[in-house]
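Worksheet: the structure to be examined is printed underneath.
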Amino acid sequence: NANESEETVVLNIAYQYGLAYAPLIICRENELIEQEYEKLTGKQVTVTWTQMSSGADINTGIASGNLNVGFMGIAPALIGISNSVGYKIFTNLSGQEHGMMAHDESIKELKDLIGSSHQIALVNIGSIQHIILAKALVDNGYDAHALDSNIVAMKHPDGMNSVETNSISCHLTTNPYIYKERSNADLHELGEVKESWPADNSFIVGVCAEKLYSENPDLYKALCQAMDLAVDFVNSDVEATAEITCEYDGNTYESEAMYLAAGTYGTSTKGILELAQFMYEHGFIEKEISRYEDLTFENVAGD
């Protein structure tokens, strides 16, 4: 009947590719949001999951009202908050190691790249990988933008292929690609990059539209509880997780279990206010964010 159709609640979620999103695959496959919402309200929710290739696309989706929730790198999330897209961070998702590998033997450290024509592949301008590079530069006494003109935007798998075939000089990437590249004897690592953003700092976060947060507190609560359950699942049983996620990631079960074990999964943020301040000081975001509360809804633990 007509009343029932009015009761249909839909939650539109976007996320991206890779191992850092493992808890979301668990959440999706085990229908955790649906179960939590039904427990709270006795009602059904329809959850739609869309994979997108960039945080910028997710920002557009939330700004237009087509998406309620998105998962992305912390840097695009901070850009979205600074630009008043209309969301805040509602959960951390994962931290992952980052690193930059080079093929050319003459490139030993960052200073060997400054002023050169060597190209650096990373996923996107304004991505967390771009900010990690900028932070490594500043940490070592250089301008944050000293290598901006060297950057070439490439998806992680394409960047890996390009540095391995020496068609590009360097690749700044994360799990699992950084581990695959480290096992390649033709490549070597620039340690300065690895040190600028520790593996347990926030890498992927979840953002929720302020409209959903204020208008449907039950659905928001179900979403948060589902994230807790998904993260607990990954942390308590890497093997069971790998069985579910390996086909999504295109890895063998053994590789998937190994890569999953190398990440950190948790709902508490780490280092995000420090990163927001860095991005403001160096012109990556236009609005200064000086309080943790400006970034997150009040249930979020972290800094």
Side-chain angles (χ1 to χ4, degrees), residues 18-20 55 72-79 94-204 259 262-264 270-272 274-279 281-284:
L19 268 125
M72 63 179 92
I74 181 61
L78 294 174
I79 290 167
S94 64
Q96 301 284 348
E97 198 171 341
H98 282 75
M100 186 157 86
M101 305 298 289
H103 200 294
D104 188 324
E105 284 300 323
S106 69
I107 303 167
K108 296 280 192 244
E109 36 191 356
L110 289 172
K111 70 172 169 56
D112 301 327
L113 293 166
I114 294 168
S116 77
S117 58
H118 289 298
Q119 290 185 315
I120 302 163
L122 53 80
V123 77
N124 220 338
I125 297 291
S127 64
I128 181 63
Q129 287 80 19
H130 181 195
I131 309 304
I132 286 171
L133 178 63
K135 207 166 169 312
L137 286 163
V138 170
D139 291 348
N140 288 280
Y142 308 110
D143 181 84
H145 300 278
L147 293 173
D148 281 5
S149 59
N150 300 68
I151 292 171
V152 182
M154 282 189 189
K155 290 177 180 170
H156 296 290
D158 300 338
M160 179 170 77
N161 184 50
S162 298
V163 76
E164 288 185 333
T165 55
N166 204 16
S167 57
I168 210 154
S169 302
C170 300
H171 183 214
L172 200 169
T173 190
T174 186
N175 186 358
Y177 310 99
I178 188 63
Y179 301 118
K180 294 178 180 180
E181 291 176 18
R182 282 177 184 157
S183 66
N184 183 331
D186 294 332
L187 305 179
H188 59 278
E189 187 162 3
L190 281 74
E192 298 149 303
V193 173
K194 179 181 170 180
E195 287 155 23
S196 74
W197 195 246
D200 59 347
N201 273 10
S202 291
F203 166 39
I204 303 299
Y259 297 140
T264 59
K270 188 166 180 196
I272 66 171
E274 173 203 349
L275 192 69
Q277 287 165 342
F278 173 86
M279 288 174 70
E281 282 165 24
H282 298 281
F284 292 101

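Residue indices begin at 1 and follow the sequence shown.
- Atom CZ of residue Phe203 and atom CD of residue Gln129 lie 5.0 Å apart, to the nearest 0.5 angstrom.
- Looking only at side-chain heavy atoms (C-beta outward), Phe284 and Leu78 stay at 4.5 Å or farther from each other.
- Qualifying side chain to side chain donor-acceptor pair (under 3.5 Å) partners for His156, counting only residues two or more places apart in sequence or in other chains: Thr173.
- For Ala102, the side chain to side chain contact (heavy atoms under 4.5 Å, CB included) test picks out Ile107, Cys170, His188, Leu190, with sequence neighbours left out.
- At least one donor-acceptor pair closer than 3.5 Å links the side chain of Glu192 to the backbone N or O of Leu110.
- Residues passing the side chain to side chain contact (heavy atoms under 4.5 Å, CB included) test with Asp186 are His103, Asn184, sequence neighbours excluded.
- Of all the heavy atoms in Pro157 and Tyr177, the pair that sits closest is CG-OH, 3.7 Å.
- Residues passing the side chain to side chain donor-acceptor pair (under 3.5 Å) test with Lys155, sequence neighbours excluded: none.
- Thr174 is not listed as a side-chain neighbour of Val123, based on a closest heavy-atom distance of 4.5 Å or more.
- Partners of Lys180 under the side chain to side chain contact (heavy atoms under 4.5 Å, CB included) rule, at least two apart in sequence or in another chain, are Met160, Pro176, Asn251, Tyr259.
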Could you walk me through whether Ile131 and Trp197 pass side-chain contact (heavy atoms from CB on, under 4.5 Å), step by step?
-> CA-CA 9 Å; Ile131 309 304; Trp197 195 246; over 6 Å; no
When you look at Leu137 and His282, which way does the side-chain contact (heavy atoms from CB on, under 4.5 Å) test go after all the steps?
-> CA-CA 11 Å; Leu137 286 163; His282 298 281; over 6 Å; no
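- Contact detail for Ser202 and Ile74: the closest heavy-atom pair is O-CG2, 3.6 Å.
- Glu109 is linked by a side chain to side chain donor-acceptor pair (under 3.5 Å) to Lys111, counting only residues two or more places apart in sequence or in another chain.
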Yes or no on side-chain contact (heavy atoms from CB on, under 4.5 Å) for Leu133 and Ile151, after CA distance, side-chain angles and deciding distance?
-> CA-CA 10 Å; Leu133 178 63; Ile151 292 171; 4.2 Å; yes
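- For residues 136-152, the side-chain hydrogen bond (donor to acceptor under 3.5 Å, both in side chains) pairs, not counting sequence neighbours, are His130-Asp148, His145-Asp148.
- For the atom pair CD1 (Ile132) and NZ (Lys135), the distance works out to 9.5 Å, reported to the nearest 0.5 Å.
- The minimum heavy-atom distance linking Asp112 with Ser106 is given by the pair OD2-O, 3.4 Å.
- Here Glu189 pairs with Arg182 under the salt bridge (Lys or Arg N to Asp or Glu O under 4.0 Å) rule; sequence neighbours left out.
- Put simply, the side chain of Leu187 does not reach to within 4.5 Å of the side chain of His171, judged on heavy atoms.
- Closest approach of Ala121 to Gly159, counting heavy atoms only: CB-CA, 4.1 Å.
- For Asp200, the salt bridge (Lys or Arg N to Asp or Glu O under 4.0 Å) partners two or more places apart in sequence, or in a different chain, are Lys270.
- Within the model, atoms CG of Leu172 and CD1 of Ile178 stand 7.5 Å from one another, a figure rounded to the nearest 0.5 Å.
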side-chain contact (heavy atoms from CB on, under 4.5 Å) between Met279 and Ile79, intermediate numbers included | CA-CA 9 Å; Met279 288 174 70; Ile79 290 167; 3.8 Å; yes
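- Qualifying side chain to side chain contact (heavy atoms under 4.5 Å, CB included) partners for Thr165, counting only residues two or more places apart in sequence or in other chains: Asn161, Ser167.
- With sequence neighbours left out, the side chain to side chain donor-acceptor pair (under 3.5 Å) criterion links Gln96 to Asn175, Tyr265.
- Taking every heavy atom of both residues into account, Ser94 and Ala20 meet most closely at OG-O, 2.9 Å.
- What you find for Gly55 and Pro76 is that their closest heavy atoms are CA-CB, 4.1 Å.
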